Amino acid sequence: MSLEVMDWVWTQSNSKGTSRLVLLVIADKCRPDATAYAGTAMLVQRTRASRTAVKDAVDRLIASGELSVVEGARGPRGETVYRLPHAVGHSRATSDESGYEGAGSRSGTDSDPGRIPTLGGTDSDPVGGQIPAPGGTGSDPQNASNQRERKEQQPRANAPAASVVAEALRPLAAALDAAGVGVRWSLGLGEQRDAWQLVQRHGVPALVQLATHRTAPGDPPKPARYWLKVWSDLDRTTPACGSNVVPFRAAAPTSPTHTDTLAAGLALLEQEGLA
């Protein structure tokens with residue numbers, strides 16, 4: 001999956017409705033050269049739209065120039081190979097390069113971004129969190145020092161925990177961020193594994209679409225555990241990607257038709273006549 005191609009669809013494409021969802025599904029499978037193979041059955045399965053709606057959406061995207069067919073190329077099962085020509089060379093904005101919500105304000109240093117620094121002082125109070133001795137001076141009384149110390153510590157107490165996203169989930173986090181869905185990433189290793197398995201079964205566009213439907217403008221970021229429970233509902237309502245095998249059912253025995261009975265009677269008369 002190419003994050004640049006996905007970002008182009010989210011930020012630059014003029015497509016709407018089913019066409020936009022189809023374009024997102026194709027972009028989800030794109031390589032860095034903005035090409036991907038996609039069969040109609042897979043598009044129907046991931047968009048949960050009808051076959052006719054998917055075909056009409058592809059035709060509209062091709063007519064608009066946002067999608068083209070790579071002639072002479074086929075996927076491993078004969079799928080059509082598409083290209084998003086306008087996405088070639090597209091670069092994501094700097095604000096989206098972090099990959100998840102709150103990365104720009106995360107504590108730590110370049111060498112150890114997850115480390116929370118110790119409380120430091122200011123130019124006027126270099127010792128920072130040190131409690132002054134009783135009875136301050138006229139320019140820095142004890143009460144004023146305590147108030148300043150409480151103000152410095154209060155934002156840290158109210159600030160959310162630093163977000164940590166596994167490398168495999170960063171495409172999902174980037175797509176959610178681009179769609180305007182705020183997420184507080186605080187999943188354990190087992191929960192991150194469950195989220196990755198949902199991405200594998202249903203694809204990033206399906207998870208993002210469900211999240212956007214559950215998010216109203218101005219909503220504060222929700223915990224990733226909340227979205228994990230919401231996305232788990234897809235396992236009960238949508239078949240996993242690739243599970244399009246139809247169980248074989250033996251044909252029920254059929255009763256003789258009128259034609260078969262008539263043919264048998266004529267054959268019997270013919271045998272009696274010959275006798």
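Bear in mind that the values here come from a model prediction, so they are computed numbers and not experimental data.
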Which pair of non-hydrogen atoms, one from [X] and one from [Y], has the smallest distance, and what is that distance?
{"X": "Arg20", "Y": "Trp10", "result": "NH2-O, 3.0 Å"}
{"X": "Met42", "Y": "Ala38", "result": "CE-CB, 3.5 Å"}
{"X": "His202", "Y": "Arg46", "result": "O-CD, 4.4 Å"}
{"X": "Ala195", "Y": "Leu187", "result": "CB-CD1, 4.4 Å"}
{"X": "Pro85", "Y": "Ser68", "result": "CD-OG, 4.0 Å"}
{"X": "Ala27", "Y": "Leu84", "result": "CB-CD2, 4.2 Å"}

If hydrophobic clusters are built by linking Ile, Leu, Val, Met, Phe, Trp and Tyr wherever their side-chain heavy atoms come under 4.5 Å apart, do [X] and [Y] end up in the same one?
{"X": "Val88", "Y": "Leu24", "value": "no"}
{"X": "Leu23", "Y": "Leu21", "value": "no"}
{"X": "Val199", "Y": "Ile26", "value": "yes"}
{"X": "Val70", "Y": "Val58", "value": "no"}
{"X": "Val81", "Y": "Val54", "value": "no"}

Handout entry: All side chain to side chain donor-acceptor pair (under 3.5 Å) counterparts of Thr35, not counting sequence neighbours
Key =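 Side chain to side chain donor-acceptor pair (under 3.5 Å) check on Thr35 returns Arg31, Asp33.
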
Could you tell me whether the side chain of [X] and the main chain of [Y] form a donor-acceptor pair under 3.5 Å?
{"X": "Glu66", "Y": "Asn14", "answer": "yes"}
{"X": "Asp56", "Y": "Ala53", "answer": "no"}
{"X": "Gln45", "Y": "Leu43", "answer": "no"}

Handout entry: Flag side-chain contact, heavy atom, 4.5 Å: Asp233 against Leu210
Key =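 Not in contact.
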
Problem - Heavy-atom check, side chain of Leu198 versus side chain of Trp227, under 4.5 Å - result: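 They are not in side-chain contact.
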
Exercise for the section: For Ser50 and Thr52, test the side chains for any donor-to-acceptor distance below 3.5 angstrom and give the result as yes or no. Expected result: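 No, no side-chain donor-acceptor pair sits under 3.5 Å.
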
Exercise for the section: Give a yes or no on this: more than 12 heavy atoms of other residues, nucleotides or ligands lie within 6.0 Å of atom CZ of Arg83. Expected result: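 No - once you tally the heavy atoms of other residues, nucleotides and ligands closer than 6.0 Å, there are 12 at most.
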
Handout entry: Residues, nucleotides or ligands: over 12 heavy atoms within 6.0 Å of Lys55 NZ
Key =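 No - once you tally the heavy atoms of other residues, nucleotides and ligands closer than 6.0 Å, there are 12 at most.
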
Handout entry: Short N-O contact, Arg225 and Glu191, less than 4.0 angstrom
Key =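 Looking at Arg225 and Glu191, the cut-off is met.
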
